[in-house]
Each structure stands twice: as C-alpha cells, then as structure tokens.
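Within every chain, numbering begins at 1; the chains are lettered A, B, ... in the order of the sequence lines, protein sequences first and strands thereafter.
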Number of protein chains: 2
Amino acid sequence: MARIVMKFGGTSVADLERIHNVARHVKREVEAGNQVAVVVSAMAGKTNELVNWVQTMPKVAGAQAPFYDAREYDAVVASGEQVSSGLLAIALQAMGVDARSWQGWQVPVRTDNVHGAARILEIEGGDLVSRFEAGQVAVIAGFQGIGPDNRIATLGRGGSDTSAVAVAAAVKADRCDIYTDVDGVYTTDPRIEPKARRMKKIAFEEMLEMASLGAKVLQVRSVELAMVHNVRTFVRSSFDDPDAPGMSDPLNPPGTLICDEEEIVEQEVVTGIAYAKDEAQISLRRVSDRPGVSAAVFGPLADAHINVDMIVQNISEDGSRTDMTFTVPSADVDKALDQLEKQRQAIGFDVVQSESGLAKISVIGIGMRSHAGVAATAFKALAEKSINIKAITTSEIKISILIDGAYAELAVRTLHSVYGLDKT
Amino acid sequence: MARIVMKFGGTSVADLERIHNVARHVKREVEAGNQVAVVVSAMAGKTNELVNWVQTMPKVAGAQAPFYDAREYDAVVASGEQVSSGLLAIALQAMGVDARSWQGWQVPVRTDNVHGAARILEIEGGDLVSRFEAGQVAVIAGFQGIGPDNRIATLGRGGSDTSAVAVAAAVKADRCDIYTDVDGVYTTDPRIEPKARRMKKIAFEEMLEMASLGAKVLQVRSVELAMVHNVRTFVRSSFDDPDAPGMSDPLNPPGTLICDEEEIVEQEVVTGIAYAKDEAQISLRRVSDRPGVSAAVFGPLADAHINVDMIVQNISEDGSRTDMTFTVPSADVDKALDQLEKQRQAIGFDVVQSESGLAKISVIGIGMRSHAGVAATAFKALAEKSINIKAITTSEIKISILIDGAYAELAVRTLHSVYGLDKT
C-alpha cells in the first residue's frame with residue numbers, strides 16, 4: 001500500500017474519452033491497494049479560451065489599455081479545472097470508484113495574494129487524508145488555491161504540476177506521478193540524438209539544471225518544491241495502456257523518477273546534455289571595475305523584463321577595467337542594447353559588442369562534483385570537431401558552453417557520445 | 001439614490017460584445033447615483049454544454065445507468081456563471097466602474113443540501129452592503145450557492161432569477177430589475193392577440209396565476225420569493241439601448257413592475273388572460289365517495305411524475321358515488337391511464353374516460369375578489385362564440401375554463417376583448 005498523488009495535464013483530459021482513460025489509470029492504482037489523490041488541469045484549449053476572453057474584454061468594453069484585474073482573471077480561468085475535476089469524479093464513480101472533486105478553496109490550498117502567479121503557502125491536508133483513509137479518491141482542481149482575500153488565486157501557467165507536488169508534500173505521499181505526453185526525461189533531446197536514452201532516475205538538482213530540456217517535461221517551480229519537500233516525482237506517459245502489466249509496480253514502471261541523489265545508487269558522472277538555441281551574447285568592454293557596477297548593468301535589464309542567462313566576468317588585469325559578457329534571448333538583444341546605451345554614463349563602459357544566433361550547450365551531472373576532468377573532456381571533444389567555444393560558465397554540477405548556433409546539434413551529439421550516454 | 005439588483009440572463013451575456021452592453025446598463029444605474037448589485041447567468045449555450053458533458057460522462061466511462069453525483073454536476077455547471085461574472089467585472093472596470101465578482105460560496109449564498117435543485121436558506125448580505133456603500137458594484141454569479149457540506153449547490157435551471165430576488169431581499173433593495181428578452185408581462189400572448197398590452201404593474205399573486213404566460217418571463221419560484229419578501233421586481237428588456245432617455249427613471253421606465261397589490265392604485269378587475277394547450281382530461285365515473293379516495297387517485301400519479309393540473313370533483317348526489325375530472329399534459333395521458341388501471345381496485349371506480357387536445361383558458365385578476373359577475377361575463381362571451389365549456393375551476397383571483405383546443409385562440413381573443421384589456 002502506498003499513498004500516491006497522480007497529476008494529469010490538459011491533453012490527458014481533453015475530452016470525455018480521455019477523461020475516461022485517466023479514470024482507468026486511477027482505478028488501476030486504487031485496485032492495487034493505494035490511497036490516491038488526483039490533480040487535474042483544465043481540458044486542453046479551455047485555459048487558452050478563457051485567458052483570451054479575459055484579455056479581450058477590456059478592449060471590447062472600450063478601454064484604451066489592455067489591463068484587467070488579476071483577481072477576476074483568476075475567477076474566470078480557474079473555472080477550467082473546476083469542470084475537469086468534476087467530470088473525472090463522475091467518471092470514477094461510474095466505474096465504481098468512490099471519488100469526489102475538490103476545488104482549491106475547498107481543500108483549502110492557501111496561497112499568497114499575487115493573483116495570476118500565486119505561490120502556495122500551505123495546504124491543509126487533514127480532510128484529504130481522512131478521506132484517503134476511508135478509501136475515497138480526491139480529485140483536486142490543479143493550478144488554483146485561495147488567497148488571504150478569500151478569492152480564487154491561480155498559480156500561473158503550468159501550475160498544476162506545482163499543485164500536485166504541493167499536495168503530495170502536504171499528505172506525505174510516497175510518490176507524485178506526473179502523467180504527461182512524454183514518457184520520461186531523456187539524456188538529451190531525442191529529436192537531435194536518436195540514441196538518447198530515458199533515465200530511470202535523476203536527482204532534483206540535475207533536473208533543475210536540465211533547464212530547457214527538463215522544462216518541457218515539468219515546471220521548474222514544481223521541481224524546486226519537490227526538492228525542498230523531498231517529494232519523489234515520477235514522470236510517465238498518459239498514453240500508456242492503463243491496464244498494461246506492471247503499470248502499478250512501484251519498482252519498475254516506465255518513466256523517470258526525480259528523487260534525492262541518495263536514492264540514486266549508481267550515480268553517473270554526467271547524466272544529461274541540455275541545450276538552448278537562439279541565444280545572443282552581449283559584451284561590455286573595459287567596464288570600470290568598482291563595487292555596484294554589476295547592479296548598474298543588470299538592474300535596468302531586469303526592470304525591462306529581459307531574462308539574462310549566462311554571466312561571465314573575468315578578473316581585471318589591472319584592477320580598474322574589466323570585460324563583462326552575458327547572454328539574453330536573441331529576441332531581446334535590441335531591447336537590451338537600448339537599455340545599456342541609456343545607462344552608459346552610469347555603468348561606465350567603453351565599447352558594447354553583441355552577437356546573435358548562438359547556442360548554449362550544458363553538461364549536467366551530480367557526479368562531476370567528485371570527478372575531475374569532466375570539463376576537459378568536453379573541451380577536447382568539441383575541439384576535435386573544430387567547434388569554437390565563445391564563453392564558459394560552470395556550477396558544481398553543470399558546465400555551460402556558448403558556441404555558434406550552427407554547431408548546436410553536432411555539439412549535443414558529440415558530448416552525448418563522449419560521456420557514454422548513448423550506451424545502455 | 002436607490003439600491004438596485006440587476007439580473008441578466010444567458011442571452012444577455014452570450015459573448016463579449018453583449019457583456020459590454022450589460023456593463024453599459026450597469027454603468028448607467030451607477031451614474032444615476034444608485035447602489036448596484038448584478039446577478040448574471042452563464043453565457044448562452046454554456047450551461048447546456050456543461051450539463052451535456054455531465055450527463056454523457058457516465059456512459060463514456062462504461063456505466064450502464066446514466067446516474068451521476070449531483071454534487072459534481074453542481075461543481076461543473078456552476079463554472080459557467082463563474083466565467084460570466086468575472087468577465088462582467090472586468091468589463092465594468094474597463095469602463096471606469098469599480099466592481100468585483102462574487103461566487104455563491106463567497107457571498108455566501110447558503111442553500112440546503114439538495115444538490116442540483118437547492119433552495120436558498122440565507123444570504124449573508126453584510127459584505128455586499130458595505131461594498132455597496134463604498135460605491136463598488138457587486139457582480140454575483142447567479143444560480144448557485146454553497147450547501148451545508150461546503151460544496152457548490154446550484155438552484156436548478158432558471159435559478160438565476162431566484163438568486164437575484166434573494167439577493168434583493170437580503171440587501172433590502174428598492175427594486176430587482178430582471179433584464180430579459182421580452183420587455184414585460186402582457187395582458188395575453190401577443191402572438192395570439194396582437195392587441196395585447198404590456199402591463200405597467202401586476203400583483204405578485206396575479207403573476208403567479210399567470211402560469212404559462214408568466215413562466216416564460218420569470219421563474220415561478222422567484223415570484224414566490226419576491227412575494228414573501230415583498231421585493232419589487234421589474235421585468236424589462238436587455239435589448240433596449242442602455243443609454244436611451246429615461247432608462248434609469250424609477251417612475252416610468254419601460255417594463256412591467258411585479259409588486260404588492262397595494263402599490264397598484266387603479267386595480268383592474270381582470271388583468272390578464274393565460275392559456276395552456278395540449279391538455280388532456282381524464283374523468284373517473286362513479287368513484288366511491290369515501291375518505292382517502294383522492295389520495296388513492298393522485299398519489300400514484302405523483303409517484304409516476306405526472307403533473308396534474310385542474311381537478312374538479314362534484315358533490316355526489318346520494319353520498320356514495322361521485323365523478324372526478326382532472327387534467328394532465330396530453331403527452332402523459334397514456335401513462336396516467338395505465339397508473340389508474342393498476343389502482344382500479346384500490347380506488348374503486350366504474351368507468352374511466354379521457355380526451356386529449358384540450359386547452360385551458362384562465363382569466364386572472366385580483367379585482368375579481370371584490371367584483372361579482374366576472375365569471376358570468378366569461379361564460380356568456382364564450383357561449384356567444386358557440387365555444388363549449390367542458391370544465392370549470394376557480395380560485396379567488398382566477399377562473400380556469402377547459403375547452404376544445406381548436407377554439408383556444410378564439411377564446412383568448414374573445415375574453416381579452418370582453419374584459420376591455422385591448423383598450424389602452
């Protein structure tokens with residue numbers, strides 16, 4: 001017997017047939033003797049429709065600005081999960097499984113007051129647990145909670161993953177199963193490297209560093225939350241036959257378990273290769289090297305909502321002037337340059353240079369903390385393919401390399417191979 | 001300055017343009033210095049879609065019976081008003097009107113536990129009133145409340161009218177304006193009698209007796225509630241130009257005011273002619289005249305969900321046997337006869353006769369309580385047209401006459417004219 005939280009996204013509940021399919025997955029776990037809570041998103045397309053209405057309404061009503069009250073946005077948009085949770089409860093009941101729907105305000109999932117992008121503060125799981133223990137499946141509307149103002153608050157797009165992990169933490173679940181349209185986390189993007197393998201396990205920290213690769217699978221916020229509360233989070237496919245053998249086997253189901261590194265017995269040195277295309281590099285030459293200069297550079301960029309990724313600053317030769325390089329999405333490069341020109345006086349730099357069409361390749365693995373030479377292996381492999389490295393940043397478990405975007409796929413395949421990730 | 005509750009149905013909020021139109025009506029009342037709460041239905045078609053999903057889900061999930069949990073029905077279906085209330089609040093804000101949405105559970109509108117057809121027990125109007133007084137428009141999701149089980153409860157179809165009247169009672173509103181697709185209550189159906197006139201005022205009791213005629217305009221339950229709490233209920237058109245002159249004039253806006261009879265200074269003897277077609281008559285001949293026989297007849301019919309309308313029983317000549325006549329919808333006549341045959345022994349009757357294709361014509365007016373000869377006038381007028389009267393029932397303020405359905409329109413026009421209703 002285990003206590004499991006199951007999460008299904010919008011495509012998994014897109015119509016009544018798929019909701020029935022979800023109910024079959026749930027029934028299987030109940031019949032395997034588990035206590036089950038289910039977290040659901042809105043039916044696919046529904047959230048977009050509702051968001052579009054909210055965004056269009058002010059204009060239709062003659063407003064000049066497209067502003068709308070985020071509290072009303074939340075009331076409107078949260079209705080999507082209200083529908084899907086009710087329908088799933090009905091489907092389960094029709095299949096003889098005791099179930100009921102729970103809206104965010106009923107659980108209650110208590111959030112802060114940041115409507116539209118709220119954070120969960122606390123989930124009062126007492127009622128849920130007593131229902132569990134009475135054998136009832138809790139179908140919880142994801143993506144929503146209730147704010148201190150007694151109004152519905154949504155967690156922002158993709159927030160249902162976060163709901164699921166938070167519920168799992170609150171009810172001390174043994175596992176949080178995220179059913180999605182991929183069957184797990186891969187060593188790299190299979191569209192680039194067909195030899196990419198599905199990982200059986202990945203540590204929370206690695207999953208966070210997987211960035212673009214991981215974010216397609218799971219919201220970053222939900223991974224952070226899972227790490228903090230040590231919620232074993234299992235990514236699996238909602239397209240698998242619900243009644244195939246072994247689907248409820250806690251030891252060996254198909255998918256990827258995101259867990260504490262201590263649970264990963266045979267830790268690989270490198271576990272995955274991630275990449276991000278369409279990066280642009282901006283370099284400030286001969287910046288005055290004094291306290292507060294970084295803040296002067298990056299403060300205005302943050303205010304302009306420009307997402308800065310890699311930052312490289314070297315120690316200046318003479319202690320007076322230094323070079324500073326950072327990356328932004330290619331689409332934001334003009335806006336960024338504009339901001340920097342405005343601040344030229346305040347920052348004090350000589351020349352600004354930029355280059356678009358770059359790619360960032362990242363090598364990730366907790367094992368590199370205790371293994372020397374991981375970076376050297378990457379540099380050597382790329383050099384053999386004549387790929388020039390423009391910038392390098394490292395963290396304890398990640399090496400990121402900035403290269404010309406044209407070589408992105410080649411670099412991914414080269415690194416995937418050199419660390420032996422294509423070998424089973 | 002007045003306190004007004006405004007109610008808009010599904011066709012009035014069918015899309016963003018119409019929601020904007022509703023917002024213009026609301027803004028007009030706010031600018032006229034009134035305190036305003038608005039009750040809205042779901043966008044037209046939305047409730048049907050949601051109900052259809054709920055009803056179809058069990059079958060898709062493989063259930064033999066189409067049963068579903070009424071509590072889940074409520075959660076799913078109430079989402080429709082959640083959307084429209086939020087969008088209207090956004091539209092009002094975009095037009096510079098302070099507003100917020102209120103879900104049934106937020107007000108809260110407390111109901112009993114009869115999910116899917118709940119009754120309002122109490123509305124805690126304190127928060128609403130303090131918002132009113134601060135100048136904020138309350139946009140309330142109609143059709144819903146919260147049950148003692150802390151779950152959403154809907155009031156049954158058409159329940160938004162009831163929500164509006166209940167809110168008006170709770171906040172002691174001066175008037176409850178029901179915006180609908182007709183511009184008021186007519187002396188009879190204008191499709192039958194083009195000379196039908198819109199009434200300026202009608203008493204609560206008369207509105208209830210208008211039955212079929214009135215029910216097209218306003219849910220019967222909401223009229224009952226309005227009568228109990230003496231809520232002045234004003235039926236008006238949502239298609240009128242929101243900014244036409246006089247639209248906020250409390251003395252003379254276009255529409256029909258349903259109010260206490262004391263407010264109707266020049267009470268007409270007869271105020272309206274209602275009709276119901278497709279009635280069938282069933283007569284039991286020589287029923288044993290003893291206590292409990294009516295219960296033996298009508299109990300089984302009620303159990304079979306057959307809606308019995310007129311009931312006529314005459315005093316028996318010799319105290320042992322009597323004739324009993326009643327009407328049912330033509331569609332139910334076979335089912336009713338079937339039930340009666342099953343109970344023949346228990347009831348004890350000789351012969352059962354039935355006739356379909358009849359019509360019930362009703363003459364309604366509070367004034368007839370104090371005027372003699374109202375019924376005689378009707379009988380004489382129908383006789384002059386050679387219309388045979390099959391049965392008669394009367395209440396204090398209504399005379400109902402059963403005739404051959406072929407004469408229904410002629411009878412309506414004749415009675416409408418004989419009581420002078422076609423004269424302005």
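- Neither the backbone nor the side chain of B:Ala141 comes within less than 4.5 Å of any heavy atom in chain A.
- For the atom pair OG1 (B:Thr56) and CG (A:Leu87), the distance works out to 9.5 Å, reported to the nearest 0.5 Å.
- In terms of heavy atoms, B:Tyr68 sits closest to A:Ile90 at CB-CG2, 4.0 Å.
- One finds the CD atom of A:Gln93 at 11.5 Å from the CE atom of B:Met57 (value rounded to the nearest 0.5 Å).
- Annotation for B:Arg28: atom CZ counts as buried by contact number, over 12 foreign heavy atoms lying within 6.0 Å.
- Top candidate by heavy-atom pairs under 4.5 Å with chain A, chosen from B:Val76, B:Val77, B:Leu88, is B:Val76.
- Using a 4.5 Å cut-off between heavy atoms, A:Glu49 contacts chain B through its side chain alone, with no backbone atom that close.
- Contacts between B:Leu92 and chain A at a heavy-atom distance below 4.5 Å are absent for every atom of the residue.
- Environment of CD in B:Gln64: sparse, with no more than 12 heavy atoms of neighbouring residues, nucleotides or ligands closer than 6.0 Å.
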Could you please spell out the steps behind the side-chain contact (heavy atoms from CB on, under 4.5 Å) verdict for B:Trp105 and A:Asn150?
CA-CA 10 Å; B:Trp105 57 269; A:Asn150 199 35; 4.1 Å; yes

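- For a residue to count as touching a neighbouring chain, one of its non-hydrogen atoms must lie under 4.5 Å from one of that chain's; by this rule A:Ile152 touches chain B with backbone and side chain alike.
- Formation of a donor-acceptor pair under 3.5 Å by the A:Gln82 side chain with backbone atoms of B:Ala75 is found in this model.
- Within the 4.5 angstrom heavy-atom criterion, atoms from both the backbone and the side chain of B:Arg151 approach chain A.
- One finds the CG atom of A:Asp69 at 9.5 Å from the CZ atom of B:Arg100 (value rounded to the nearest 0.5 Å).
- Nearest heavy atoms, A:Ala91 versus B:Ala61: O-CB, 3.7 Å.
- Pairing each heavy atom of A:Trp53 with each of B:Leu16, the nearest pair is O-CD1, 3.9 Å.
- Proximity to chain B (any heavy atom under 4.5 Å) is shown, for A:Ala65, by neither the backbone nor the side chain.
- Closest non-hydrogen pair, A:Ala99 versus B:Glu72, comes out as O-OE2, 4.4 Å.
- Side chain of B:Glu17 to main chain of A:Val60: no donor-acceptor pair is present (N/O by atom type, distance under 3.5 Å, no hydrogens or angles).
- Looking only at heavy-atom pairs under 4.5 Å with chain B, the residue among A:Ser101, A:Ala63, A:Gly86, A:Gly96 that has the most is A:Ser101.
- Here the closest heavy-atom approach between residue A:Ser79 and residue B:Val83 is recorded as OG-CG2, 3.1 Å.
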